Novice: 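Next up is a structure, given as structure tokens.
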Amino acid sequence: MRITLRTFVFIDSLQPQLASYLATSSQGFLPIPGDACMWIEVAPGMAVHRLSDIALKESNVRMGEQVVERSFGSMEIHYRSQSEVLEAGSIILRELDTTLETRMPCKISWNEIIRAITPDHATLINRQLRKGSMILPGKSMFILEVEPAGYAVYAANEAEKAAHVTLVDLKPFGNFGRLTMMGNEADAEEAAFAVGRAIENLNQRARKD
């Protein structure tokens with residue numbers, strides 16, 4: 001059966017908030033700050049089992065996450081050594097008989113900064129099923145929606161690298177990935193700019209639709 005490579009992204013060093021967030025939601029081995037990480041999403045969903053099996057048997061990476069949906073399957077692998085994670089990625093690409101350039105590009109479906117968020121709005125967000133930090137009234141909220149969903153993880157890491165922002169929520173599964181971060185207005189703007197630039201660079205090595 002044909003397997004479509006939707007998300008294939010290497011993260012050189014997990015930032016502290018993102019590593020902690022992934023560890024909170026992880027069902028496998030927990031990543032720690034500074035680990036190299038790779039997030040892979042394929043279609044159909046069941047195909048991710050074979051790719052996980054190959055990566056774990058032929059490299060030293062640990063698996064933090066595997067989600068199998070009907071349409072898509074996602075996996076997160078990590079290790080302290082960047083070269084080990086990159087090798088696992090190369091093994092998966094060889095198994096698929098493809099290259100990095102066949103991955104789907106990251107499409108930004110929504111990108112906005114809500115400034116000076118109101119107390120009612122902050123309370124509503126904080127009462128939802130999030131696994132990150134609370135958002136505070138008066139702060140600016142950076143929200144992002146991307147397709148495919150897995151690229152939201154990459155966006156979160158790049159935003160945390162670039163600006164003093166707080167990770168509120170991250171949903172990297174399903175048809176769309178969503179990211180919510182909080183900071184002062186300048187930091188929220190810097191995070192949004194950094195994410196846009198990083199995604200533009202990433203798309204230079206992706207399938208041209």
Side-chain angles (χ1 to χ4, degrees), residues 3-15 17-19 21-23 25-26 28 31 33-43 45 47-48 51-52 54-56 59 61-69 71-96 98-109 111 144-162 167 170-179 181 191-192 194-209:
I3 299 174
T4 300
L5 188 62
R6 290 177 54 81
T7 301
F8 189 95
V9 63
F10 173 70
I11 296 174
D12 58 356
S13 178
L14 283 170
Q15 299 302 294
Q17 291 184 74
L18 179 58
Y21 188 98
L22 293 177
S25 62
S26 174
D35 279 356
C37 163
M38 187 167 288
W39 194 279
I40 299 169
E41 180 184 317
V42 296
V48 77
L51 303 182
S52 299
I54 291 168
L56 293 173
S59 73
V61 296
R62 311 308 298 268
M63 177 166 289
E65 193 78 68
Q66 185 184 73
V67 175
V68 182
E69 303 169 292
S71 297
F72 314 128
S74 302
M75 58 185 282
E76 182 274 325
I77 53 178
H78 58 269
Y79 202 69
R80 205 62 182 171
S81 167
Q82 293 185 15
S83 60
E84 198 72 34
V85 176
L86 288 169
E87 175 60 21
S90 296
I91 291 167
I92 288 172
L93 290 175
R94 286 199 299 270
E95 172 65 19
L96 294 175
T98 191
T99 64
L100 184 64
E101 285 74 15
T102 64
R103 66 184 174 185
M104 290 179 63
C106 178
K107 177 184 177 183
I108 297 178
S109 303
N111 182 2
L144 178 78
E145 183 177 74
V146 295
E147 182 186 12
Y151 286 120
V153 176
Y154 177 68
N157 204 66
E158 291 300 308
E160 189 178 344
K161 275 185 180 180
L167 178 56
L170 174 64
K171 292 183 171 64
F173 308 110
N175 289 319
F176 296 90
R178 296 186 173 94
L179 171 65
M181 306 193 91
V195 167
R197 180 177 54 197
I199 288 175
E200 183 179 343
N201 291 336
L202 183 148
N203 284 343
Q204 292 178 5
R205 297 193 65 188
R207 189 174 75 211
K208 308 301 180 185
D209 291 341

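Since the model is a prediction, treat every value here as computed from it, not as a measurement.
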Novice: I want to check something: taking the side chain as every heavy atom from C-beta on, are Leu18 and Val153 in contact at a cut-off of under 4.5 Å?
Specialist: yes
Novice: Any donor-acceptor pair under 3.5 Å linking the side chain of Tyr154 with the backbone of Val9?
Specialist: no
Novice: Please report the closest heavy-atom contact between Ala155 and Leu144, naming both atoms and the distance.
Specialist: CB-CD2, 3.5 Å
Novice: In Å and rounded to the nearest 0.5 Å, what is the CG to CD distance from Asn157 to Gln17?
Specialist: 10.5 Å
Novice: Are Phe72 and Asn175 close enough that some pair of their side-chain heavy atoms sits under 4.5 Å apart?
Specialist: yes
Novice: Between Leu22 and Pro31, what is the shortest heavy-atom contact and its length?
Specialist: CB-CG, 3.9 Å
Novice: Determine whether the side chains of Thr99 and Glu101 contain a donor N or O and an acceptor N or O closer than 3.5 Å.
Specialist: yes
Novice: Out of curiosity, Arg103 CZ to Asn203 CG, how far, rounded to the nearest 0.5 Å?
Specialist: 7.5 Å
Novice: Using 0.5 Å steps for rounding, measure from the CG atom of Leu100 to the OG atom of Ser90.
Specialist: 9.5 Å
Novice: Start with the C-alpha gap between Ser74 and Glu65, add the side-chain angles, then the distance that decides, and say whether side-chain contact (heavy atoms from CB on, under 4.5 Å) holds.
Specialist: CA-CA 8 Å; Ser74 302; Glu65 193 78 68; over 6 Å; no
Novice: Looking at Met63 and Gln66, what are the two nearest heavy atoms and their distance?
Specialist: SD-CB, 4.0 Å
Novice: Among all residues two or more places apart in sequence or in another chain, which pass the salt bridge (Lys or Arg N to Asp or Glu O under 4.0 Å) test with Glu145?
Specialist: Arg178
Novice: Nearest 0.5 Å, please: how far is CG in Leu202 from CZ in Phe8?
Specialist: 11.0 Å
Novice: Using the rule given for side-chain contact (heavy atoms from CB on, under 4.5 Å), can you reason through Tyr151 versus Ile199, listing the C-alpha separation, both sets of side-chain angles and the distance that settles it, and then say yes or no?
Specialist: CA-CA 9 Å; Tyr151 286 120; Ile199 288 175; 5.8 Å; no
Novice: Atom CD1 in Ile11, atom NE2 in His78: separation rounded to 0.5 Å?
Specialist: 12.0 Å
Novice: Which residue pairs satisfy the side-chain hydrogen bond (donor to acceptor under 3.5 Å, both in side chains) criterion with at least one member in residues 33-42, sequence neighbours excluded?
Specialist: Arg6-Glu41, Asp35-Arg80
Novice: Decide side-chain contact (heavy atoms from CB on, under 4.5 Å) for Leu51 and Leu96; before the verdict, give the C-alpha distance in whole Å, the side-chain angles of both, and the deciding distance to 0.1 Å.
Specialist: CA-CA 9 Å; Leu51 303 182; Leu96 294 175; 3.9 Å; yes
Novice: With side-chain contact (heavy atoms from CB on, under 4.5 Å) as the test, would you mind laying out the steps for Leu5 and Ile92 before giving the verdict?
Specialist: CA-CA 10 Å; Leu5 188 62; Ile92 288 172; 5.6 Å; no
Novice: So which atom in Ala55 and which in Ala88 form the shortest heavy-atom distance, rounded to 0.1 Å?
Specialist: CB-CB, 4.5 Å
Novice: Is it true that Lys161 and Glu158 have a side-chain N and a carboxylate O under 4.0 angstrom from each other?
Specialist: yes
Novice: Shortest non-hydrogen contact from Arg207 to Thr102?
Specialist: NH1-O, 3.7 Å
Novice: Over all heavy atoms of both residues, which pair between Ala194 and Ala162 is shortest? Give the atoms and the distance, please.
Specialist: CB-CB, 3.3 Å
